[in-house]
Amino acid sequence: MFARSRWLVSAGALGSVCALLAGCASTGSGTAGGASPAAAQSAGASPASGAGQPTGGSQSGTVASPSAGPDKFTAPLTVNNPMFPLAVGTQFTYQGRIVQDVESKPHSVTFTVTDLSKMVDGVQTVVAWDRDFLEGKLQEQELAFFAQDDQGNVWNFGEYPEEYENGKFTGAPSTWIRGADGAYGGIHMLSQPRTGMKYREGLVPAIEFDDVSVVTRTGQQTCLAGTCYKQVLVVDETSPNDPTSGHQIKYYSPPTGLIQVGARGGDSQEFLTLTSVRHLGQAEMATTRTEVKAMDQRAYKIKVYRTTRPAQPRAG
């Protein structure tokens with residue numbers, strides 16, 4: 001589920017790998033598929049999506065960079081896509097390892113759907129809180145923003161990832177917000193994924209972030225880590241401008257969402273398996289709300305974040 005998406009291991013901290021839901025960050029330069037930031041943000045689906053294809057995906061060899069304006073999000077906080085559901089108070093825990101230079105270290109990620117929302121680029125978004133632990137120590141925590149359009153596609157609207165070293169906050173250099181400083185927030189999960197569809201999850205030239213996904217398998221029964229699922233969607237994520245990052249392989253199954261993460265190639269590899277899904281009680285939700293609001297306040301030190309409104313409790 002991870003927003004946050006990126007699986008970037010920094011030189012100073014082996015496990016600075018948050019945003020599992022949000023994709024893969026590139027440390028290279030330029031843009032994938034020849035798409036410019038302006039083209040990525042233009043109205044309507046990219047020509048790469050092809051006539052007659054579902055919104056947000058291309059079944060050709062090119063990368064689709066679809067766009068959706070605020071008028072396409074009638075109920076953006078209702079994220080009920082069965083492959084990526086975001087129900088308030090749900091907490092997903094993943095456990096596994098990071099392997100780098102044949103060294104393997106325990107790694108875990110906790111992803112929580114908060115009861116807060118945030119206005120980003122004219123759309124109300126769900127605020128998710130993603131925490132990344134290496135050998136039991138916090139390496140990164142992130143606020144990630146998602147919204148579902150009227151067709152059922154779930155979109156990425158930005159990320160605020162705080163990095164930590166030896167328990168101390170060291171900064172959030174990879175922050176991006178859709179519509180600010182040329183940042184394009186793409187589709188995180190398609191409404192109707194089909195094998196072969198290729199699409200862009202995000203493109204942020206200012207921080208050299210580029211994330212391209214390909215649907216490699218849909219609908220097959222699959223057994224993972226001793227558990228069998230009737231339907232499994234497999235998505236291959238890459239950072240085209242950073243060949244050393246390899247491939248992040250994500251497995252989704254309805255109605256849970258992300259169930260496993262694997263890797264192929266690259267100079268570091270991440271392996272995670274869903275170990276629990278729980279719903280937080282009132283006291284835990286209150287603690288979560290306090291922590292997330294504190295992060296949201298700290299984030300305003302970053303220029304692009306100031307284009308957003310403060311996170312607020314969701315109505316109802």
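The model shown is predicted, which means the values in this text are computed figures rather than measured ones.
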Quick check against the 3.5 Å criterion: does Thr112 have a side-chain atom that pairs as donor or acceptor with the backbone of Thr114?
no
State whether the side chain of His107 and the backbone N or O of Phe271 hold a donor-acceptor pair below 3.5 Å, judged by distance alone.
no
Looking at Asp149 and Gln151, would you say the former's side chain and the latter's main chain have a donor-acceptor pair under 3.5 Å?
yes
Would you mind listing every side chain to side chain donor-acceptor pair (under 3.5 Å) that reaches into residues 285-294, with sequence neighbours excluded?
Asp115-Arg289
With Asp236, which of Arg217, Lys198, Gln248, Arg264 fulfils side chain to side chain donor-acceptor pair (under 3.5 Å)?
Arg264
Run the salt-bridge test on Glu284 and Arg278 with the 4.0 Å N-O cut-off and return the result as yes or no.
yes
Side-chain donor-acceptor pair present, Ser117, Gln124, cut-off under 3.5 Å
yes
Go through the steps for Ser239 and Asp210 under the test side chain to side chain contact (heavy atoms under 4.5 Å, CB included), then give the verdict.
CA-CA 6 Å; Ser239 297; Asp210 194 4; 5.7 Å; no
Within 6.0 angstrom of Gln221 CD, more than 12 heavy atoms from elsewhere:
yes
Walk me through it: do Thr195 and Thr216 pass the test side chain to side chain contact (heavy atoms under 4.5 Å, CB included)?
CA-CA 5 Å; Thr195 301; Thr216 60; 5.9 Å; no
Kindly work out whether a path of hydrophobic side-chain contacts (I/L/V/M/F/W/Y, heavy atoms less than 4.5 Å apart) joins Val126 to Met285.
no
Looking at Ser253 and Gln231, would you say the former's side chain and the latter's main chain have a donor-acceptor pair under 3.5 Å?
yes
Are Phe92 and Val88 linked, directly or through other ILVMFWY residues, by side chains that come within less than 4.5 angstrom of each other?
no
Mind checking the OG1-CD spacing from Thr222 to Gln260? Nearest 0.5 Å is all I need.
10.0 Å
Can you find a pair of side-chain heavy atoms, one from Tyr199 and one from Leu190, that are under 4.5 Å apart?
yes
Between Ile98 and Glu270, is any pair of side-chain heavy atoms under 4.5 Å apart?
yes
Does any donor atom in the side chain of Tyr305 or Asp296 lie under 3.5 Å from an acceptor atom in the other side chain?
yes
Would one find more than 12 heavy atoms of other residues, nucleotides or ligands at under 6.0 Å from atom CG of Asp71?
yes
Which word best sums up how the rings of Tyr164 and Phe169 line up, parallel for under 30°, tilted for 30 to 60°, or perpendicular for over 60°?
tilted
Is the NZ or CZ atom of Arg306 positioned over Tyr300's six-membered ring, under 6.0 angstrom from the centre and within 45° of the axis?
no
Between Thr256 and Leu274, does the side chain to side chain contact (heavy atoms under 4.5 Å, CB included) criterion hold? Intermediate values first, please.
CA-CA 10 Å; Thr256 304; Leu274 179 67; 3.6 Å; yes
Checking the side chain of Glu208 only, and the main-chain atoms of Val204 only, is there a donor and an acceptor separated by less than 3.5 Å?
no
Measuring from Leu272:CG to Ser108:OG, what's the distance to the nearest 0.5 Å?
8.0 Å
Are Val113 and Gln91 side-chain neighbours, meaning at least one heavy-atom pair lies under 4.5 Å?
no
Examine Arg131 relative to Trp129 and say whether NZ or CZ is less than 6.0 Å from the centre of the six-membered ring and inside a 45° cone about the ring axis.
yes
Side chain to side chain contact (heavy atoms under 4.5 Å, CB included) between Lys250 and Glu237, intermediate numbers included
CA-CA 8 Å; Lys250 294 183 179 178; Glu237 296 184 3; 3.2 Å; yes
With hydrophobic residues grouped by side-chain heavy-atom distances under 4.5 Å, do Met295 and Val127 end up in a single group?
yes
With rounding to the nearest 0.5 angstrom, report the CG to OH distance, Asn81 to Tyr252.
10.0 Å
Could you check if a side-chain atom of Tyr251 sits within less than 4.5 angstrom of a side-chain atom of Tyr229, using non-hydrogen atoms only?
no
Salt bridge check: are Asp150 and Lys72 linked by an N-O gap of less than 4.0 Å?
no
Distance col, row Arg200:CZ vs Ser213:OG, nearest 0.5 angstrom, shows 10.5 Å
Are the side chain of Asp101 and the backbone of Glu103 linked by a donor-acceptor contact shorter than 3.5 Å?
no
What do the steps show when you test Asn153 against Gln148 for side-chain hydrogen bond (donor to acceptor under 3.5 Å, both in side chains), and what is the final call?
CA-CA 6 Å; Asn153 302 297; Gln148 183 169 299; over 6 Å; no
Is it the case that one hydrophobic cluster holds both Val261 and Leu224, taking links as side-chain heavy atoms less than 4.5 Å apart, direct or via other members?
yes
Flag side-chain contact, heavy atom, 4.5 Å: Ile177 against Val120
yes
Report yes if the side chains of Ile187 and Val154 come closer than 4.5 Å at any heavy-atom pair, otherwise no.
no
Any side-chain heavy-atom pair from Phe73 and Trp155 closer than 4.5 angstrom?
yes
Would you find more than 12 non-hydrogen atoms of other residues, nucleotides or ligands less than 6.0 Å from Gln297 atom CD?
no
Does this structure show an ion pair linking Asp181 with Lys303, if we count only N-O contacts that are shorter than 4.0 Å?
no
How long is the straight-line distance from CG of Asp130 back to OH of Tyr94, given to the nearest 0.5 Å?
9.0 Å
Enter the distance from Asp242:CG to Asp211:CG here, rounded to the nearest 0.5 Å.
11.5 Å
Counting N and O atoms only, with roles assigned by atom type, does the side chain of Lys118 sit under 3.5 Å from a partner on the main chain of Arg309, one being a donor and the other an acceptor?
yes
Can you check whether Val277 reaches Phe111 side chain to side chain, under 4.5 Å on heavy atoms?
no
Side-chain (Arg314) to main-chain (Leu77) donor-acceptor, under 3.5 angstrom
yes
For salt bridge (Lys or Arg N to Asp or Glu O under 4.0 Å), just list the numbers for Glu162 and Arg298, CA-CA rounded to whole Å, side-chain angles, deciding distance to a tenth of an Å, and then say yes or no.
CA-CA 10 Å; Glu162 293 186 341; Arg298 289 194 296 271; 2.8 Å; yes
